[in-house]
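Lettering follows sequence order; numbering is per chain, from 1.
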2 protein chains.
Amino acid sequence: MSERPDVKSAILEEATRQFAARGFEGVRVADLAAAVGMRGPSLLHHFKTKEALRAAVLASLLDHWKDELPRVLAAAQSSADRFDGLLRAFLGFFEANPDRARLLLREVLDRPMVIRELLAAEIGPWTRILADILRAGQADGRIRPDLVPEAWVLQVITTGVGVIATHPTISWVFPACEAPALEVSLAELVRSARVSLFVPRPSGSGASHAELL
Amino acid sequence: MSERPDVKSAILEEATRQFAARGFEGVRVADLAAAVGMRGPSLLHHFKTKEALRAAVLASLLDHWKDELPRVLAAAQSSADRFDGLLRAFLGFFEANPDRARLLLREVLDRPMVIRELLAAEIGPWTRILADILRAGQADGRIRPDLVPEAWVLQVITTGVGVIATHPTISWVFPACEAPALEVSLAELVRSARVSLFVPRPSGSGASHAELL
DNA sequence: CCTACCGATCGGTAGG
DNA sequence: CCTACCGATCGGTAGG
């Protein structure tokens, strides 16, 4: 009765880490169990199969956005700096634990059909709203007219997840001392997302872009 | 003597396809062999181990850029539309066979240390030159000063590979009829890369951005 | 939560 | 390029 309060959470956390690092097939149930202080068969008492564990790990990732997306999008309809709020909530979640980005990318590659359905069901309704907000911004002349809202959203998602997942490896296309830090790369992402989104204001105008989404 | 001229190429092509789809560990040597008309042990006569085949597949990917990058960068120092040439050569290679992008992404996730070294050795020298070209453009006032050249290059690489690798899956964050086609997403990538790179010209000026990199 | 163990999979070898 | 087969790995079960 006085057991470790949430063995399950510990297993989920460790599974996220190991699945992200070595992939689902590359991880041994016994290793996963050892990392949380038990043997393989004992772990399978908490999650009936390895595949069930995979589903639980993925669900815990997407669940975060089921709560967060409506919250941030609602704030985006009343607050001044919607653009920064949304983009930072998105990037911050993955930046706080890059394994989330790597895990998601692996699932996209490993099980495209499964992920398609999950994205359509859980994220689809919200991205649609987002695209509509962008279209309204185009009608108002605040957002560049030569932009395809859906494509822009898709690209920001892919780039955010992709940069955070692969930065420590891909940044080696530059010598170590010239490679930008992750924060610099993400700042560049925010900059280019902003510039590619908003119609430039005549310089000297008071309003900052952050207020305009 | 009158055998199939290049069994090896056939194996490499099929391996690219299958490694991209199911990952290195997810592919059985026997299946790979069956797809090119032989049994497992016979395939291992052409590539001593499965791991050797993996290395060969990866090398054939990177070899393309060892030839292509110098060529395109050289053209970029004499021709008018360097930006388009370079970006289209890059995107075209992966668009012609999205499995290349998926394979590369998997290798980045599966073997970060190996890929780091390969990128540093084979691609590093050229991206460095590219970053210097961008810095020269900043000195001339053609390229936005608030841009970190290395971060911009990194982002374009990550986004290009990421979008092409994941588009058929991630685009399902939109209902099927609203999801942009891959070509639309790539056009948006080119647009936003261009806009985020160049200092905007006073409207009415004759020169197009394409000439300016 | 454990030990003991089954059953299936799979890379690679032997030998032709 | 084949068949036959070894040896190791690993998810999951039995039974406590």
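Remark: P of D:dG11 and NE2 of A:H46 are 17 Å apart, rounded to the nearest angstrom. Summarising the geometry, the separation between NZ on A:K8 and P on C:dC1 is reported as 12 Å, rounded to the nearest angstrom. The interatomic distance linking A:E51 (CD) with D:dC10 (C1') rounds to 15 Å, in whole Å. When rounded to the nearest whole Å, the span between CZ of A:F47 and C1' of D:dG11 equals 16 Å. Spacing between atom CD of B:Q18 and atom P of C:dC10 amounts to 12 Å, rounded to whole angstrom units. C:dT3 atom P lies 15 Å from atom CG of A:L43, rounded to whole Å. Rounded to an integer number of Å, the gap from CZ of A:F24 to C1' of D:dC10 is 12 Å. Atom CZ in B:R22 sits roughly 14 Å away from atom C1' in C:dC10 (whole-Å rounding).
Taking only side-chain atoms of A:M38, from C-beta outward, the nucleotide of C:dC1, D:dC1, D:dA14 with the closest atom is C:dC1. Listed nucleotides C:dG11, C:dA4, C:dT13 differ in distance to B:K50; the shortest reach to its side chain belongs to C:dG11. In the set C:dG11, C:dC10, D:dC10, the nucleotide with an atom closest to the side chain of B:R28 is C:dC10. Listed candidates were C:dT3, C:dT13, D:dT13. Nearest to the side chain of A:R39 is C:dT3. The listed nucleotides are C:dC1, C:dG12, D:dG11; the one nearest the side chain of B:T49 is C:dG12. The side chain of A:S42 sits closest to C:dC1 out of C:dA4, C:dG11, C:dC1.
Comparing A:G26 and A:K48 by the nucleotide of DNA chain D whose heavy atom lies nearest to each, the residue mapping closer to the 5' end is A:G26.
Without hydrogens or angle criteria, A:R106 side chain to A:A20 main chain gives a donor-acceptor distance under 3.5 Å. A side-chain donor-acceptor contact under 3.5 Å links A:Q138 to the backbone of A:L147. When atom types are taken as modelled, the side chain of B:T158 and the backbone of A:G162 share no donor-acceptor pair closer than 3.5 angstrom.
With respect to the salt-bridge test (charged N to carboxylate O, under 4.0 angstrom), the residues A:R135 and A:E150 qualify. Taking a cutoff of 4.0 Å between a charged side-chain nitrogen and a carboxylate oxygen, B:R194 and B:D84 qualify as a salt bridge.
Pairing analysis of DNA chain D (Watson-Crick: purine N1 to pyrimidine N3 plus N6-O4 or O6-N4; G-U wobble: N1-O2 and O6-N3; both under 3.5 Å) yields stems of 3 or more pairs at C:1-16 with D:1-16.
Between B:F94 and B:W65, the two ring planes are parallel [angle under 30°; tilted spans 30° to 60°].
For the pair A:R100 and A:F93, the cation sits on the ring face: its NZ or CZ lies under 6.0 Å from the ring centre, inside 45° of the axis.
For B:H45 and D:dC2, the shortest distance from a side-chain N or O to OP1 or OP2 is not below 4.0 Å.
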